[in-house]
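Below, read A as the first sequence line, B as the second, and so on, with proteins coming before strands; counting in each chain starts at 1. Any value given below was found using the heavy atoms of this structure, including those in side chains, with hydrogens, waters and symmetry copies removed.
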Amino acid sequence: MEKLKNFFDFRDLPRLDLGIAAAVGLALLVFPFFPFSSFAMSTVIQFLMFSLYGMGWNTIGGYGGQVDLGLAQYLGIGAYATAVSMIRWNTPFWVSMPVGVLIAIAWCSVIGYSVFRLKGHYFAIATIATSLVLKDIFEVWRFVGAARGLEIPATRFSSPDFLHLFFTQDDTYYYIILAFFFIGILYVNWFRKSRLGFQLRSIKDNEEVARSLGINVQWAKIKTYAVAVTFVSAVGSFHACYVKNIEPEDTMSLDISILIALMAMLGGAGSLWGPLIGAGILIPLKSYLKEWLGARAGLVGIDLVIYGAIIMFISAVEPRGVWGIVERIRRRKRA
Amino acid sequence: MTALVEVRNVTKSFGGLVANKNISFEAARGELLGIIGPNGAGKTTLFNSVAGTHRIDSGRIVFDGRDITALKAHEIARLGLTRTFQIYAASGDLTVKENIMVGCFMKTGSRSVASARADGLLRDFQLEPLARHMVGELPIAAQKRVVMATAMGTEPKLLLLDEVAAGLTPHEVDATVASIRFIHQDLGVTVILIEHVMEMVMNVCHRVLVLDYGEKIAEGLPRDVVKDPGVIKAYLGERYAREYTAESS
Amino acid sequence: AETIKIGVIYPLTGGAAAEGRELRAGAELAARIANDVMPGIDMDMARRGGITSLGGAKIELIFKDHEGNPTLGADLAKQLILDNKVVGILGCYHSSVTKTVSAVCEQYGIPMINDSSTSPALTQRDFKWFWRTTPHDVTFTRDLFELLKGLTEGKVKGVPAVPGDQIKKLVSACEKTEWGSQVSETIEGFAKQYGFIVQKSMLYAAKSADLSSEVRSLQAVKPDAMLFASYASDAILMVKTLKAQKACAKIIWGQNAGFEAPEFRSTLGDDVVGILTRTVFAPRVAAVKKVSGQVNELYKKEIGHDLSGASARAFTGLQTWVEILEKAGSTKPEDIQKTANSISIPGEQLIVPWRGIKFAAAGADRGQNELGSGIIGQYQKDKDGNIVLEIIYPFDVSTANMIYPFKAF
Amino acid sequence: MEILVGSLVAGLLIGMLFALIALGLTIIFGMMDIVNFAHGEFLMLGMYTALLTSQASGLDPLLMIPVAGAVGYALGVACYYGFVKFLLRGPMVAQLLGTFGLMLFLRNLALLLFGSEDRTIHSGVLVNRAFDLGMGVVVPATKLAGAVMAVISFAAVWLLMHRTRTGKAMVATALNRQGARYMGISTERMNGLAWGIGAATVTIAGALLVNFWSVTPYVGLLFTMIAFAIVALGGFGSVPGAFFAGLIVGLITEIPGFWDFFTYLTGSSWMAGISMTPFKYTWVYLAYFLIMLIRPRGLFGWKN
Amino acid sequence: MPEPLLQVKAIKVRYSGLPVIHGVSLEVYPGETVCVVGSNGAGKSTILRAVMAAQRAFEGEIRFGGVAIHDKRTEAIVRLGVVYVPEEKMLFRPLSVEENLLLGAYCLEDRQRIAENLEFVFTLFPRLRERRRQAASTLSGGEQQMVAVGRGLMSNPRILMLDEPSLGLSPLLVDELFDAIVKLKKEGLTILLVEQNVRESLEMSDRGYVLQTGKVVQEGSGAELLQDDSVRKAFLGL
Ligand SMILES: Nc1ncnc2c1ncn2[C@@H]1O[C@H](COP(=O)(O)OP(=O)(O)OP(=O)(O)O)[C@@H](O)[C@H]1O
Ligand SMILES: Nc1ncnc2c1ncn2[C@@H]1O[C@H](COP(=O)(O)OP(=O)(O)OP(=O)(O)O)[C@@H](O)[C@H]1O
Ligand SMILES: [Mg+2]
Ligand SMILES: [Mg+2]
């Protein structure tokens with residue numbers, strides 16, 4: 001019971017933040033009732049998905065300081081678990097998603113057990129390596145469609161099918177991922193102040209000291225990794241149903257891993273709102289820059305040049321990302 | 001008095017350098033034991049050996065009736081043996097209170113319990129006004145108090161303190177002495193401390209152990225140890241020796 | 001009159017952006033010819049000026065860039081259908097993108113014509129809103145085996161019948177992607193059917209900057225024919241490595257893509273002479289087909305170079321759209337669907353050397369154009385010393401004697 | 001037998017080129033603890049520089065190597081003073097973020113300027129030339145040049161680091177920037193120098209590579225990944241480590257060749273049935289992963 | 001009165017916006033040993049960091065040998081002969097003791113001088129000679145302190161600024177260290193010393209400053225300050 005209350009305990013945050021968060025939450029709830037374009041709708045769904053990926057990354061990467069650049073492999077595991085079982089056995093999403101999560105957790109324990117002995121950049125690159133190996137395996141593994149990937153046929157179920165998450169309307173997908181999103185925020189809010197959260201931040205500070213305080217460093221990292229992986233693979237399962245077509249290149253590539261980390265890092269690693277801010281900036285920026293500059297003006301690449309420049313600018317100005325800028329302004333005001 | 005911790009013939013070497021050579025000692029329940037010795041004598045190494053920070057080459061360590069020689073650092077900490085670090089770089093993003101809460105979380109999973117216990121420790125160590133500061137921003141004296149409070153959060157039976165009075169003014173040393181007394185007497189924790197600040201050693205320790213070149217060269221009451229010619233030669237120097245013998249006689 | 005919006009999704013940026021530009025130019029040219037009256041071109045479409053059955057409505061193309069990303073493609077398709085309210089969709093070059101885009105179209109009941117994706121699987125899904133004009137890899141690969149068989153039977157222009165046991169052992173090296181692995185499987189299938197032996201079918205990691213071990217492995221079995229499916233950079237490196245390691249076979253064949261790219265020819269120079277590639281369009285077609293020549297002239301004037309496989313197919317794809325709309329006289333999806341299933345465009349209307357366009361209305365290859373065919377070309381030197389792609393297969397339209405066997409580098 | 005020897009030689013040759021590519025990364029990392037995700041983009045720019053200058057001037061692409069090196073040096077120094085300098089204040093996360101940004105920026109700038117076509121060099125001393133030494137050993141001229149260049153560069157960098165005052169200052173800067181400043185070392189200059197050298201070596205590698213491999217704005221990432229694997233394998237910041245790890249990675253990419261060899265040697269049919277080529281780079285990552293389990297800081301690692 | 005060698009004029013310093021030094025002035029004349037004392041967090045180290053331009057003063061002026069140095073870079077200031085032994089030592093951890101010491105002489109070109117200085121340091125701290133090949137990171141706390149001080153002496157500084165050099169040293173070593181400082185002082189080296197060992201340092205200093213929460217509250221000769229009641233109460237525990 002106390003635990004449940006802790007999910008909703010935002011008391012340590014400034015009023016202003018909560019006010020803005022509540023306003024944004026409300027806006028998200030009523031968003032589909034306004035006649036926005038389908039482009040806006042899919043951009044917002046992307047935003048929600050990447051926020052969730054980013055929240056997952058943030059637990060291990062932000063609070064724990066273990067920079068993982070291979071999370072896409074868990075996205076792939078989640079997506080494939082759902083797609084394979086839906087195509088072969090008609091398994092409902094609500095069954096295949098937890099199964100996918102379990103497989104992902106099992107895989108992450110294997111990976112984590114060995115990889116968490118590595119530090120800093122060695123760790124980051126090892127996570128990339130494992131992710132690429134898994135992708136290469138999926139690219140030749142016939143059972144999961146090899147390089148061709150898997151497609152949930154557009155005519156397989158009749159929409160709306162809530163069990164298999166099969167709808168023609170994006171609105172329905174939207175509300176499902178929005179529910180995930182709210183649960184995600186509440187969970188991270190609980191996590192950051194939980195015992196594990198504290199232990200993790202102590203580990204990030206100094207592993208030796210953490211050990212002397214009775215923390216089993218390896219185990220704490222693996223537990224947190226499992227949390228991160230749960231986020232990513234659950235949303236990966238959703239991705240499979242939403243996109244209905246998955247390929248190794250599309251779900252497990254390095255680009256996706258990087259993008260996930262980018263969201264959280266740009267927004268502010270190790271803060272509750274960081275991943276949301278990162279995704280909230282990068283996803284619309286990417287879509288609309290492309291729409292305005294890339295496709296219309298015919299200047300191929302200029303959208304991403306600007307995109308890259310913005311990332312460079314923020315990283316140079318404030319190492320803690322956008323959230324760091326916010327905090328700095330706040331501190332200056334206080335002083 | 002029964003021995004709370006018993007160190008038997010501990011040897012630890014790094015490459016060719018033997019940092020701890022066949023050291024044995026014990027600390028009784030409720031004792032306040034001091035360890036002194038020249039720089040590089042192997043004091044910190046001995047703490048590392050006892051607290052499981054590194055594996056020892058040979059020897060045996062018994063704590064509270066259990067052989068802990070083969071246990072890992074965090075397992076030993078959970079048994080009630082907590083140590084602090086000589087060079088503690090608290091940079092990170094934890095505030096003073098959060099730091100202490102990490103310690104408290106060893107014994108409880110509940111956030112409210114940990115928070116309440118941390119509040120108590122903040123009060124005990126005069127850290128209340130600093131609770132929301134980042135540890136790295138504090139002056140050294142305050143940092144050391146945070147370190148002690150955090151260690152006390154784990155409710156240890158035995159506390160190993162590594163140079164908590166280094167770099168403090170005499171005033172602050174007095175405050176630290178008070179803190180250690182509080183830990184020892186009011187909370188009933190057995191303490192072993194490493195210190196170069198002799199005022200402190202002379203003041204608070206029941207018994208002193210002297211290391212030199214990895215070996216135990218003397219052991220006894222503080223006022224006896226400072227008269228030991230070997231200790232004077234290796235560690236104290238004539239001037240200090242004169243001072244302390246004068247004081248204690 | 002109103003305009004008729006057709007959404008066109010191509011890879012305008014990303015790895016295939018060069019092809020994307022060709023595709024776009026081809027489709028745009030077709031739209032111009034359809035919208036204006038152009039008497040110089042012997043094509044129904046050029047004479048009409050808009051869709052006459054819809055009151056002379058003009059075609060408006062809305063281009064979107066999918067970057068080679070299937071998920072993005074699906075998003076763009078939704079956007080075109082829901083926001084831009086297009087009548088139908090044309091695209092997408094990459095089979096993987098076509099797959100997701102067609103799934104969206106199927107979901108929303110919007111017709112889609114695929115002009116340029118060659119994965120056989122696309123038309124094996126029993127979709128009701130998907131039609132493909134281009135032949136697919138099965139056809140292309142069958143062409144290859146027809147050619148090989150023709151060689152043993154003496155059907156090839158300029159080559160006396162080759163004893164069967166002299167051309168028996170095949171090896172294939174295809175890139176490890178959806179496309180490459182399909183080609184690889186198809187080759188194995190046909191080899192069995194036609195009585196050849198595939199000694200090694202290799203899938204290699206694309207764009208890997210070094211193919212020496214792959215080539216060594218191919219060379220080791222001393223094959224009679226080497227078959228490839230690669231994009232430009234790999235194709236170039238593959239031939240360079242073959243040359244460096246003095247690896248050779250009597251026949252070297254590429255499944256289009258890289259082997260047809262202009263860069264392939266210009267980089268390798270004389271080394272390409274004798275290499276075979278499948279294609280759907282070679283400039284030599286213009287020599288044997290009048291309407292192709294006319295369109296090619298126009299294209300060359302605007303873009304600066306000849307039509308390519310990509311641009312010719314994009315042109316044909318849009319042309320098919322125009323003919324269907326003309327015949328349907330309606331923009332309702334159901335009407336378009338009905339018309340598409342029954343349309344028949346004769347070969348002389350087309351710039352590609354096909355017998356025409358007629359879609360299979362049902363069956364295992366539903367939506368596939370049954371009258372399409374491929375070409376196998378061979379790089380040869382003409383009198384002026386320029387390297388041209390001569391047509392070798394189909395035998396009846398071949399433009400030159402085949403060079404056989406391939407001369408060592 | 002020919003396959004074995006051929007594969008060995010080919011692996012070592014490509015390995016040296018890989019090592020040359022990785023050299024700059026390890027220098028930059030060693031100095032600043034920055035893993036530069038834009039490393040492959042420097043390679044790409046080196047390729048374009050050699051290609052475009054040789055096409056424009058009509059000179060042999062081989063002669064463009066110094067030009068590419070100079071451009072790379074300037075670019076590296078500019079990157080440092082204009083951008084990376086500011087990243088150094090932040091934690092690892094911020095640096096990764098920044099170099100991701102740099103990667104996107106450079107890659108797409110190239111796309112904007114040069115377009116996305118595959119471009120190749122059509123003629124040149126090294127282009128399309130190879131020496132056949134018998135026994136299946138074929139040495140393409142480009143790779144030979146690459147190997148020579150790699151040996152020269154590694155020797156030069158090693159000497160610079162260990163035999164000169166500047167080198168000592170660089171090591172000190174690498175270890176403790178503030179401490180080095182207190183010794184009177186201009187750490188900014190050292191870092192700028194490291195970026196210059198780091199970028200110059202990789203653009204030189206690019207100028208060599210373009211002699212046999214086509215360039216697009218997208219070529220970078222594969223090489224960035226290989227360079228990462230090499231540098232991590234050799235130990236971040238270790239120059240000799242990068243060299244040996246490069247050779248190891250080169251040999252690993254030849255695993256399909258060795259597999260073939262043993263297939264023929266043993267005549268085993270199950271081996272013939274398994275194709276190794278799709279996994280060419282998988283082995284590299286797998287090997288990295290496995291070696292890391294045994295040596296968490298790489299083969300020659302000393303930094304923490 | 002000669003020109004002061006080092007002159008700090010009314011500087012103010014802040015850390016991430018929070019002011020820590022509120023207008024401190026002090027002078028060090030050639031050949032003098034000056035000591036700054038003050039309780040923890042008073043800002044002693046910060047002043048030295050400001051002199052080194054490691055933490056910029058946002059107001060005030062710092063001159064060395066008549067030249068304004070507050071807008072120079074750290075390394076340029078070092079080359080003028082200002083050497084700083086920081087509280088946090090900043091050793092080059094994987095390098096050996098000897099390599100660390102030699103880096104201290106980075107600004108010197110003369111090999112002969114470097115060899116002499118090295119010998120001098122080894123005589124001052126014989127323990128370092130024993131450990132000359134050992135990596136600095138594996139030294140004990142006190143040994144590391146010796147390396148840091150020794151490194152500061154390697155470049156023949158015009159002024160040596162020591163920040164709590166006795167921190168963590170055994171009583172014997174503290175004694176020896178102070179002897180060494182006295183020896184250096186006798187050789188004419190100008191020294192600015194920050195210490196917690198108030199009695200010893202004031203005893204051997206020509207002048208001293210007392211710092212409290214970022215302000216100088218007292219100054220005078222060493223002996224004067226030692227006699228001062230408030231100083232005795234605050235720092236000598238009497
Ligand atoms: N990891 C290590 N590798 C090699 N040598 C080490 C290592 N740790 C400590 N030593 C050496 O062991 C000896 C004892 O070191 P230790 O830190 O225990 O000394 P100490 O008694 O705590 O000294 P201080 O009072 O200066 O802190 C020193 O000479 C040190 O150089
Ligand atoms: N990096 C920093 N960021 C924020 N505040 C700092 C920082 N460094 C020091 N401070 C604060 O500035 C004040 C002065 O610090 P300084 O280190 O100069 O004190 P000091 O007199 O040298 O004390 P000590 O005896 O602990 O060395 C202290 O209150 C300290 O908390
Ligand atoms: Mg110690
Ligand atoms: Mg200080």
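Sorted pairs that involve residues 263-274 of chain A and meet salt bridge (Lys or Arg N to Asp or Glu O under 4.0 Å), not counting sequence neighbours, are lacking altogether.
Between the NZ atom in K204(A) and the CG atom in L94(B) there is a gap of 9.0 Å [rounded to 0.5 Å]. Distance check: R195(A) CZ to C104(B) SG gives 11.5 Å after rounding to the nearest 0.5 Å. To the nearest 0.5 Å, atoms CG (N99(B)) and CZ (F198(A)) are separated by 9.5 Å. For the atom pair CZ (F105(B)) and OG (S202(A)), the distance works out to 11.5 Å, reported to the nearest 0.5 Å.
Counting non-hydrogen atoms of neighbouring residues, nucleotides and ligands closer than 6.0 angstrom, the CZ atom of F313(A) reaches no more than 12 such neighbours. Other residues, nucleotides and ligands place no more than 12 heavy atoms under 6.0 Å from the NZ atom of K72(B). Around OH of Y113(A), the count of heavy atoms belonging to other residues, nucleotides or ligands within 6.0 Å does not exceed 12.
Both the backbone and the side chain of T150(B) come within contact range of chain A, judged by heavy atoms closer than 4.5 Å.
Between E98(B) and R201(A) the shortest side-chain heavy-atom distance falls below 4.5 Å.
For H121(A), the ring pair (Phe, Tyr, Trp, His ring centres under 6.0 Å) criterion is met by F29(D), F236(D), not counting sequence neighbours.
Applying a 4.5 Å heavy-atom cutoff, the residues of residues 44-60 of chain B that approach chain A are T53(B). Proximity to chain B at a heavy-atom threshold of 4.5 Å picks out R211(A), S212(A), L213(A), G214(A), I215(A), N216(A) from residues 211-229 of chain A, in numerical order.
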